[in-house]
Amino acid sequence: MKIQAVRGMQDLLPRQKEIYRYIEDVVRVVLESYGYTEIGVPVLESTQLFSRLVGEATDIVEKEMYTFEDRNGDSLTMRPEGTAGVVRMGQENGLLFNQIQRFWYAGPMFRHERPQKGRYRQFEQVGAECFGMAGPDIDAELLFMCQRIWETLGISDEIHLELNSMGTTESRAAYRSELVNYLEEHRDGLDKDSMRRLETNPLRILDSKVPKTQELLASAPTLTDFLDAESKMHFDQLRRLLDQNQLFYHINPSIVRGLDYYNKTVFEWVTDSLGAQGTVCGGGRYDGLVEQVGGKSMPGVGFAMGLDRLAMMLDDKFESTADADIYIASLGEPARAYALLLAEDIRGNLAHGKVVVHCAEGKLKSQMKKADASGANIALIIGEEEISKREVTVKDLQTGEQQSLNAEAVIDHLSKMLEE
RNA sequence: GUGGGCGUAGCUCAGCUGGUAGAGCUCUGGAUUGUGAUUCCAGCGGUCGUGGGUUCAAACCCCAUCGUCCACCCCA
């Protein structure tokens, strides 16, 4: 019986992992340039946190959570999203009371869905969450920040912004009942999924891809018409800020988001280049959430971006770096031992550079092959001749030129070569 | 959870109407006693996803199962 990875869990091979790290580095630099501070929150939380904050009737809570009993009988859940945990953490540690905060975090999330391209059961997210700021300027800042990340990664022309406002809980409730009334009247025109959602989550019907349902929706009441005055103003101001900064967006009234806690601004950054799982980043405002974990009422906004999907977008353009700059080949036991010492010496004296020692049997020919495959530009060769003369042969693998230097001169020479 | 495609060497794949398995890449050795990225030669490497069935005979047909991919659903 062979043991293999659990379904939906992916291994990151060296090249992939390198892409992830590159993205993380870019994201970190950009987020910190906006003054966001990094935090860490647990992967495990009590199940209640998610069922209450994300919403009992959402798909996530209903059927996608990895939930199990701890040894003492507590129900625990591996986080399916980041916001709930950050809100809990902020409240529990007193970071939110009368405070303004800008946080970011990175790490794995877990959802038990059927795996697919761009969708795994463990997936990596980077999130940003802001607290204590009610105005649209912080919403705009988050979007500028995303845009800057896309630009730095070189994928901004493949991603566009879909924007909507969901209004306050009250205005949304008013719209919801109006929509249900309308759809009840045209019940026989609905598809099966939409019929079901009419009971569970009517706003989701707006998202339906069934053409007949979409026809029906064309003359249905729209959320925009039901926005309360304040939400409307917030949305208009946000749009103005985006316009002023020439950040282009597409108003999409059917963006509703699958979590209960959103209000006012909601958005998704979407790409066509990944197939069906095109959302690369999503987020919005959640002004009522802090109150729900027992805190003083406090506005919040945030987003989460999916590293796995971003990594897929970069895959064909990304160039891996070489495994080595200097590769040391040796022949015979004394040379082999000396190679290790020399490598230590080089690493201790060079400012940067990767030094790889051939630690295995092998003829010089095969060692040189390894040197070539490693991507190194320089090979050092140490054999019996070199040992007896206290020399090291330095070979430039691009030009093929080589020379023998005495051991003391090697490091100077190498640092010059690496600088070129 | 639903639907469809695909599982053959480490990787990418070929294998006709059922007749007992092949290529390229990688790796190892040689042509070149201690010199890579080109060339040539040779070698290593397979319970044909797994279990059952049909058949004289199954990688190939049938059933089941697992995995994977794509789509639906939903989202990162």
Side-chain angles (χ1 to χ4, degrees), chain A residues 1-10 13 23 54 58-64 79-83 106-127 146 159 191-194 196-197 200-201 204-205 207-210 255-259 266 268-271 274-283 303-313 327 329-332 335 358 360-387 393-402 404:
Chain A
M1 187 171 71
K2 65 183 170 193
I3 298 176
Q4 40 192 1
V6 173
R7 178 159 217 213
M9 306 289 148
Q10 53 165 356
L13 276 30
I23 297 172
V54 174
T58 57
D59 281 10
I60 291 181
V61 172
E62 254 177 13
K63 51 191 197 198
E64 295 174 2
R79 58 178 185 193
E81 60 99 48
T83 306
M109 306 293 162
F110 302 84
R111 288 184 205 169
H112 191 103
E113 299 179 89
R114 187 101 165 227
Q116 195 180 322
K117 182 177 185 179
R119 189 170 75 184
Y120 308 100
R121 289 182 173 180
Q122 173 178 338
F123 55 101
E124 297 297 316
Q125 274 191 180
V126 171
C146 290
I159 301 182
D191 60 283
K192 227 171 61 197
D193 273 326
S194 297
R196 180 177 53 78
R197 289 196 206 118
T200 56
N201 199 344
R204 292 243 66 102
I205 299 176
D207 242 343
S208 172
K209 282 170 190 161
V210 180
I255 290 207
V256 164
R257 319 262 327 133
L259 297 75
V266 287
E268 286 182 14
W269 291 91
V270 183
T271 179
L274 290 181
Q277 309 303 323
T279 304
V280 129
C281 176
F303 65 69
M305 58 179 75
L307 286 193
D308 312 275
R309 292 180 186 174
L310 291 174
M312 277 191 281
M313 290 183 73
Y327 195 96
S330 58
L331 289 164
H358 187 92
E361 301 298 329
K363 314 200 158 204
L364 186 58
K365 184 187 172 88
S366 68
Q367 294 193 40
M368 292 303 287
K369 270 188 160 182
K370 294 281 188 300
D372 189 54
S374 77
N377 286 331
I378 302 167
L380 302 187
I381 301 164
I382 306 164
E384 279 160 29
E385 279 176 38
E386 283 86 352
I387 287 286
T393 296
V394 180
K395 178 161 186 172
D396 183 326
L397 290 174
Q398 287 180 313
T399 63
E401 286 166 15
Q402 66 179 51
S404 290

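Computed from heavy atoms alone, side chains included, the values below leave out hydrogens, waters and symmetry copies. Throughout, a chain's letter reflects where its sequence line sits, starting with A, and its residues are numbered from 1.
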Confirm from the modelled atom types if A:Lys395 and B:rU35 form a donor-acceptor pair under 3.5 Å, side chain to base only.
-> yes

Out of B:rG34, B:rA76, B:rG30, whichever nucleotide has its closest atom nearest the side chain of A:Lys363 | B:rG30

Euclidean distance for C1', B:rU8 against B:rG67 (whole angstrom) | 15 Å

Remember a base hit wins even if backbone is also touched, and classify A:Gly282 as base, sugar-phosphate or nothing at under 4.0 Å, heavy atoms.
-> sugar-phosphate

Polar side chain donor-acceptor pair, A:Asp308 to A:Gln125, under 3.5 angstrom = no

Pairwise P distance, B:rC48 and B:rA59 [rounded to whole Å] | 7 Å

Considering only heavy side-chain atoms of A:Asp372, the closest of B:rG34, B:rG36, B:rG3 is B:rG36

No-H, no-angle donor-acceptor pair, A:Gln122 side chain to B:rA76 base, under 3.5 Å = no

What interatomic distance, in whole Å, is found between C1' of B:rU33 and the corresponding atom of B:rC27?
-> 23 Å

On a whole-Å scale, what distance lies between the C1' atoms belonging to B:rG18 and B:rA58?
-> 6 Å

Spacing of the P atoms in B:rG4 and B:rU65 (rounded, Å) = 14 Å

Kindly indicate whether the side chain of A:Glu386 and the base of B:rG34 share any N or O donor-acceptor pair separated by less than 3.5 Å?
-> yes

Interatomic distance at C1', B:rC66 relative to B:rG51, whole Å | 10 Å

Base, sugar-phosphate alone, or nothing: which one does A:Gly118 contact when heavy atoms must sit under 4.0 Å apart?
-> base

Pairing nucleotide - B:rG1, Watson-Crick or G-U, each distance under 3.5 Å = B:rC72

Taking only the side-chain nitrogens and oxygens of A:Lys365, find out if one of them lies under 4.0 Å from OP1 or OP2 of B:rG36.
-> yes

Non-hydrogen side-chain atoms of A:Arg121 and A:Phe110 separated by less than 4.5 Å = no

Looking at the side chain of A:Lys117, which of B:rA71, B:rA76, B:rC73 is the nearest nucleotide?
-> B:rA71

Looking at every strand, decide which applies to A:Ala304 at a 4.0 Å heavy-atom threshold: base, sugar-phosphate, or nothing.
-> sugar-phosphate

Rounding to the closest angstrom, what is the interatomic distance between B:rC69 and B:rC11 at atom P?
-> 15 Å

Looking only at atom P, what distance separates B:rU17 and B:rA9, rounded to whole Å?
-> 22 Å

Is the shortest side-chain N/O distance from A:Lys370 to OP1 or OP2 of B:rU28 below 4.0 Å?
-> yes

Look at all strands and tell whether A:Glu124 reaches a base, only sugar-phosphate, or nothing, counting heavy atoms closer than 4.0 Å.
-> nothing

Using a strict 4.0 Å threshold on nitrogen-to-oxygen distance, state whether A:Lys395 and A:Glu401 make a salt bridge.
-> no

Compare the minimum distances between each of B:rA71, B:rG34, B:rG36 and the side chain of A:Met368, then state the nucleotide with the smallest one.
-> B:rG36

For A:Glu361, report the nucleic acid contact type (base, sugar-phosphate, nothing); a contact means any heavy atom under 4.0 Å.
-> nothing

Using whole Å, report how far NZ of A:Lys369 lies from P of B:rC27.
-> 6 Å

Proximal nucleotide (of B:rU35, B:rA76, B:rC69) relative to the A:Pro115 side chain | B:rC69

Look at A:Gln116 and B:rA71 and indicate whether a side-chain polar atom (N or O) is within less than 4.0 Å of OP1 or OP2.
-> yes

Starting from P on B:rU65, measure out to CD on A:Gln4 and report it in whole angstrom.
-> 17 Å

Is a donor-acceptor pair below 3.5 Å formed from side chain A:Arg114 to base B:rU2, judging by atom type as modelled?
-> yes

Want to settle it: does A:Leu364 or A:Arg119 sit nearer the 5' end of RNA chain B, counting the closest nucleotide to each?
-> A:Leu364

Counting side-chain heavy atoms from CB outward, which of B:rG34, B:rA76, B:rC74 is closest to A:Glu64?
-> B:rC74

N/O donor-acceptor pair, side chain A:Gln367 with base B:rU35, under 3.5 angstrom | no

